[in-house]
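Here is how names work: the chains are called A, B, and so on, in the same order as the sequence lines, proteins then strands, and each is numbered from 1. Just so it is clear, the values below take in all heavy atoms, side chains as well, and ignore hydrogens, waters and symmetry mates. This one's a predicted model, so the numbers in the text were calculated from it and none came from an experiment.
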Amino acid sequence: MADPIRDVDADDGGIGRLLRERLPRHPAPATLRAAVVEAVEPRRQERWTWATGWLAPASAALATAMVMLLWLPTLDTPRSLDPLRGLARAMVTEHERTLSWAEEEPEAVQTALPDVIDQSGIAVTSLFKGDDELQMTSAQPTYVEGHRGLSLGYVDSEGHALTYVIVPGGQIALPSSGRQEQIDRWRALVRTDKDSGFTVIMWKQQGQLCALVAALVSEDDVDTLKDYFVRVREATDIKPI
Amino acid sequence: MADEAFRKEALQHLDALHNFAVYLTRNGPEAPDLVQETYLRALRFSHRFEPGTHMRAWLFQILRNTFLTFYRVREREPALSEDGVPEGPAPMFHDAPPEGASRLEMHTDLERALALLPEDFRTPLLLAEIEGLSLDEVAGIMECPVGTVKSRIFRAKERLRITLKDYIEEHRS
């Protein structure tokens, strides 16, 4: 058999062959195999269980570190220059935070939802609770930019996480409707930051400021997020303030 | 709820998924959890899978998206240089490897060289060259055009040639 090292420069296939022949393979360890086999048993599929203990503390710690490293330098930036930019960043931070709040059992999220809504102070009469494409994975009262509100987490069938935030809109003014995008029957502000890798869709509804955040930045992915916005917007009714 | 045939086929790809997870996480301890998380999501959304299409590619896509969602901040690590390639000569060995250990060292250095690649170069290279997926399938997983996949694989190989240069020269016979 020809030596793959000799052929590395011969053509573009040399490195590929080198990897296939010499890169170690890592089959699943027995413990993982046993855990996955048990998890796929039919009686287990009714429960949505997240990965073991590393996820929540690791994500919370990383989200906090990210806030410290990335957002602290912006504290001196005068908010009047672009208050919406600060708001979008706050929504992204909230999104990072909700990743650590994913519940072990989605049914528990639904059960606790009325109490969470009550604690948040947001008067919703109906809320998007998920569908065949999006599953609600967390619901928490939260504070964003000093405003108490509601933070809901979802995940779609491809593993993309979304966060839906509702806070009192109050003094916050979105740009005129001319700068907002028409999405189905509604208009909303869509901000995509490819450097940070997030898109934020913001809109006002009955005096509340609402936002949908996800790590989706390609054109197709942003279209998907807009589709999710329609589902969320359509299913959510908020009492006017 | 996923049927028996779906579960059986999904389990067939466990080793490949774990192998990919190891290289995606740079051999981190999170690889098994990432794989387990992938299976849970796949089962939860099994109704979204189209029978007759490539389940392996679908599972790889879920795994990668799960990795990117929960590991994104960890991927923002400083590059060794602007393009991630060590600046100046960076031999993989300081001393010649002992006799008989060269194959083991090569494995280790291949893994190290691969780990130096950014994720969006490492992933298409692994999926196409190691897992044998077509460029169309890799493009679907990475949600980018086939041309972009080709370009990233080409650049990934270029970088590996540079990173492994010393060892390749030393072992050319």
Side-chain angles (χ1 to χ4, degrees), chain A residues 3 5-6 8-9 12-20 22-29 31-33 35-37 39-42 44-46 48-55 58-59 62-63 65-66 69-70 96 99 106 132-133 135 155-161 197 214-215 218 220-221, chain B residues 1-2 4 7 10-11 14-15 17-19 21-23 27 29-41 43-45 47-48 61-66 68-70 72-74 76 103 106-107 110-111 114 125-126 128-130 143-144 154 156-157 160-161 164 167-168 171-173:
Chain A
D3 183 358
I5 295 178
R6 188 181 300 179
V8 158
D9 291 328
D12 194 50
I15 283 283
R17 196 154 74 86
L18 186 69
L19 290 173
R20 282 188 295 278
R22 304 253 179 129
L23 191 69
R25 297 285 299 186
H26 297 277
T31 49
L32 173 61
R33 184 169 291 277
V36 171
V37 167
V40 305
E41 283 295 309
R44 288 280 182 172
Q45 287 182 49
E46 292 170 6
W48 173 266
T49 54
W50 284 76
T52 53
W54 64 269
L55 179 58
S59 294
L62 290 168
M66 184 181 171
L69 288 173
L70 296 182
E96 297 280 353
L99 297 183
D132 60 348
E133 179 62 29
Q135 183 186 25
V155 67
D156 73 7
S157 61
E158 291 178 358
H160 299 119
S218 72
D220 286 346
D221 281 345
Chain B
M1 186 178 293
E4 179 63 28
R7 290 197 297 274
L11 281 172
L14 177 56
D15 285 337
L17 284 171
H18 182 258
N19 188 64
V22 166
Y23 288 113
N27 209 16
E30 308 88 359
D33 287 336
L34 178 58
V35 172
Q36 195 168 354
E37 183 62 36
T38 297
Y39 271 95
L40 290 172
R41 288 180 195 279
L43 290 167
R44 175 66 181 86
F45 293 107
H47 62 279
R48 295 281 300 170
Q61 183 175 23
I62 295 174
L63 190 148
R64 181 180 182 253
N65 284 341
T66 305
L68 291 177
T69 299
F70 295 106
R72 189 174 195 90
V73 291
R74 296 178 60 180
R76 291 196 183 104
R103 192 172 173 84
M106 179 56 157
H107 292 171
L110 271 178
E111 291 187 295
L114 200 61
L125 185 66
L126 287 167
E129 297 291 351
I130 303 299
E143 298 170 9
C144 66
F154 177 79
K157 288 179 177 177
L160 284 180
R161 278 197 198 92
L164 293 166
Y167 187 81
I168 290 168
H171 285 76
R172 228 180 259 275
S173 55

* **Non-hydrogen atoms of L43(B) and A39(A) that approach each other most closely** => CD1-O, 4.1 Å
* To do: Give a yes or no on whether the backbone of G159(A) and the side-chain of N65(B) come within a donor-acceptor separation of less than 3.5 Å.
  => no
* Structure fact -> chain B shares the most heavy-atom pairs under 4.5 Å, among T31(A), D221(A), V36(A), with V36(A)
* **Contacting moiety of L63(B), where chain A heavy atoms sit under 4.5 Å** => neither
* Are F45(B) and Q135(A) side-chain neighbours, meaning at least one heavy-atom pair lies under 4.5 Å? -> yes
* Rounded to the nearest 0.5 Å, what separation is found between the OG atom of S157(A) and the NE2 atom of H47(B)? -> 6.5 Å
* Which region of D132(A), side chain (C-beta onward) or backbone (N, CA, C, O), has a non-hydrogen atom less than 4.5 Å from a non-hydrogen atom of chain B, or is it both or neither? -> both
* Asked: Between R17(A) and E129(B), is any pair of side-chain heavy atoms under 4.5 Å apart?
  -> no
* Test side-chain contact (heavy atoms from CB on, under 4.5 Å) on L23(A) and L126(B) and set out the steps. => CA-CA 10 Å; L23(A) 191 69; L126(B) 287 167; 4.2 Å; yes
* Roughly how far, to the nearest 0.5 Å, is the OG1 atom of T66(B) from the NE2 atom of H160(A)? -> 9.0 Å
* **H26(A) side chain to H18(B) backbone, donor-acceptor under 3.5 Å** => no
* Please report the C-alpha distance between D15(B) and R25(A) in whole Å, then the side-chain angles of each, then the deciding distance to 0.1 Å, and finally whether the salt bridge (charged side-chain N to carboxylate O under 4.0 Å, His left out) criterion is met. => CA-CA 9 Å; D15(B) 285 337; R25(A) 297 285 299 186; over 6 Å; no
* **CZ-CD1 distance between F154(B) and I15(A), expressed to the nearest 0.5 angstrom** => 11.5 Å
* To do: Please assess R48(B) against E133(A) for the test salt bridge (charged side-chain N to carboxylate O under 4.0 Å, His left out), listing each intermediate value before the final yes or no.
  => CA-CA 8 Å; R48(B) 295 281 300 170; E133(A) 179 62 29; 2.9 Å; yes
* Asked: What option among T38(B), I62(B), L14(B) has the most heavy-atom pairs under 4.5 Å with chain A?
  -> L14(B)
* To do: Decide side-chain contact (heavy atoms from CB on, under 4.5 Å) for L18(A) and L160(B); before the verdict, give the C-alpha distance in whole Å, the side-chain angles of both, and the deciding distance to 0.1 Å.
  => CA-CA 11 Å; L18(A) 186 69; L160(B) 284 180; over 6 Å; no
* Go through the atoms of L114(B) and report whether side chain, backbone, both or neither lie under 4.5 Å from a heavy atom of chain A. => side chain
